[in-house]
Amino acid sequence: MRGLLKFNEPLAIHTSWRIGGSADKYFRPADTEDLAEFLKTGVRDDEPITWLGLGSNVLISDNGIRGVVIHTLAQAGSGAITFSETESNKEKVLIWVDAGVTCAKLAKYCAKAGLLGGEFFAGIPGTVGGALAMNAGAWGGETWRLVKQVEVINRYGERAIRSSKTYKINYRSVERIPEHFSKPVDEWFVAGCFSFERGDPVIATRQVKALLQERAAKQPIGVFSCGSVFKNPAGDHAGRLIEASQLKGFTIGGAQISPKHANFILNLGNAQARDVLALIDHIQSVVSKDHQIHLEPEVRTLGF
């Protein structure tokens with residue numbers, strides 16, 4: 001194995017919230033081949049596996065995570081980032097993107113290459129793997145509208161290519177369609193094949209910059225948060241409902257509802273996972289009482 005293997009690794013440093021305990025075992029693969037080797041030889045059959053990318057959109061328990069945490073975030077120059085054009089015509093281009101590539105990098109790559117349709121990735125504070133796992137979206141765009149195929153890996157290091165048609169896709173949800181699979185083996189995304197339209201790189205780059213400026217104006221940037229905490233209910237926005245309940249700035253322990261955007265919870269510097277959970281519960285209770293709407297968390301809890 002060529003990757004980084006550690007024991008009792010603090011996970012807070014690997015998350016955008018800067019919250020969470022330690023992992024029993026932590027592995028950062030050098031590439032997909034290295035990951036497959038580790039899964040074949042370095043993980044017991046009874047050992048739980050947890051996947052981590054950019055560390056956004058997750059809340060890790062103060063007690064950490066048992067078993068092994070596999071951290072797929074690619075590092076520049078490590079060889080783990082691979083953009084390879086596989087098929088093209090006058091209107092469309094298909095490219096494979098590794099799970100550890102950040103969505104922001106994918107957006108900038110597509111804009112520079114004049115590949116249209118992926119500009120919204122600039123607004124997703126995570127990796128392609130996380131975007132595939134939850135059908136992440138921003139500004140009206142969604143990940144799986146562009147997906148043609150995915151590469152998956154199971155806990156035994158076995159890899160396969162799956163069509164997008166073998167998955168049921170909903171808002172912030174991706175599920176396997178059982179009849180397309182011969183056995184119920186856990187699989188995780190290690191790459192995705194995306195379809196983009198050809199276009200003008202100048203226009204695409206200008207649009208990405210405009211979206212990033214809009215994000216900076218409306219969302220808290222440069223602070224410890226996980227991104228959006230709640231899914232938007234049908235026909236409305238979670239942030240609007242929370243703000244209407246006059247909860248902006250409300251604080252529990254070291255966790256605060258952002259004064260800038262109500263669907264963000266900030267770590268003011270000393271927040272613990274229990275503070276965030278208590279704040280999530282409080283938001284749900286108040287919004288349910290005020291608006292008769294149950295807000296469903298978008299953030300994923302790990303280790304609880």
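Note that these values count all heavy atoms, side chains included, but never hydrogens, waters or copies made by symmetry.
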N/O donor-acceptor pairs under 3.5 Å from side chains in residues 278-287, not counting sequence neighbours:
unit_1, atom_1, unit_2, atom_2, d
Gln284, NE2, Leu295, O, 2.8

- request: Indicate yes or no: does Arg155 engage Asp186 in a salt bridge with an N to O separation below 4.0 Å.
  value: no
Under 3.5 Å donor-acceptor, Glu37 side chain and Leu35 backbone: no
- prompt: For the residue pair Phe27 and Phe38, does the interplanar ring angle fall in the parallel (under 30°), tilted (30 to 60°) or perpendicular (over 60°) class?
  reply: parallel
message: Within the 4.5 Å heavy-atom criterion, are Thr102 and Lys105 side-chain neighbours or not?
response: yes
statement: NZ (Lys260) and CG (Leu266) are apart, to the nearest 0.5 Å, by 10.5 Å
task: Spell out, as yes or no, whether a donor-acceptor pair under 3.5 Å connects the side chain of Gln246 to the backbone of Glu243.
output: no
- line: Minimal heavy-atom distance between Ile124 and Ala138, with the atoms involved, is CG1-CB, 4.2 Å
query: Short question: side chain of Trp96, backbone of Ala191 - any donor-acceptor pair under 3.5 Å?
result: no
message: With a 4.0 Å cut-off on N to O distance, would you call Lys25 and Glu47 a salt bridge?
response: yes
task: Check for a donor-acceptor pair, side chain of Thr15 on one end and backbone N or O of Arg18 on the other, with a separation under 3.5 Å.
output: yes
task: Could you check Thr50, Leu52, Ile153, Leu39 and say which one makes a side-chain contact (heavy atoms from CB on, under 4.5 Å) with Ile70?
output: Leu39
query: Between Asp62 (side chain) and Gly21 (backbone), is there a donor-acceptor pair under 3.5 Å?
result: no
- line: Distance col, row Asn57:CG vs Glu298:CD, nearest 0.5 angstrom, shows 5.0 Å
query: Going by distance alone, is a donor N or O of one side chain under 3.5 Å from an acceptor N or O of the other, for Ser22 and Asn8?
result: no
Ring centres under 6.0 angstrom apart (Tyr167, Phe189): yes
- request: Would you give the length of the straight line joining atom NE2 of His291 to atom OG of Ser245, rounded to the nearest 0.5 angstrom?
  value: 3.0 Å
task: Please name all residues satisfying ring pair (Phe, Tyr, Trp, His ring centres under 6.0 Å) with Phe264, sequence neighbours left out, ordered by chain then number.
output: His261
Throw together a table of side-chain donor-acceptor distances under 3.5 angstrom for residues 203-217, partners on residues two or more places apart or in other chains.
unit_1, atom_1, unit_2, atom_2, d
Thr205, OG1, Pro201, O, 2.8
Glu214, OE2, Lys218, NZ, 3.2

field: Pairs satisfying side-chain hydrogen bond (donor to acceptor under 3.5 Å, both in side chains), at least one member in residues 124-140, at least two apart
entry: Asn135-Glu142
query: Do any N or O atoms from the side chain of Trp17 and from the backbone of Gly227 form a donor-acceptor pair under 3.5 angstrom?
result: no
task: For the pair Asp31 (side chain) and Asp34 (backbone), establish whether a donor and an acceptor sit closer than 3.5 Å, ignoring hydrogens and angles.
output: yes
Indicate every side-chain donor-acceptor pair of residues 228-236 with a distance under 3.5 Å to a residue at least two apart or in another chain.
unit_1, atom_1, unit_2, atom_2, d
Lys231, NZ, Glu296, OE2, 3.1
Asn232, OD1, Ala238, N, 2.9
Asp236, OD1, Arg240, NE, 2.8
Asp236, OD2, Arg240, NH2, 2.9

message: So, using salt bridge (Lys or Arg N to Asp or Glu O under 4.0 Å) as the criterion, who are the partners of Lys6 when residues are at least two apart?
response: Glu9
message: So which atom in Ile177 and which in Lys165 form the shortest heavy-atom distance, rounded to 0.1 Å?
response: CD1-O, 3.5 Å
task: Apply salt bridge (Lys or Arg N to Asp or Glu O under 4.0 Å) to Arg2 and Glu33, showing your working.
output: CA-CA 10 Å; Arg2 294 169 285 112; Glu33 288 71 26; 5.4 Å; no
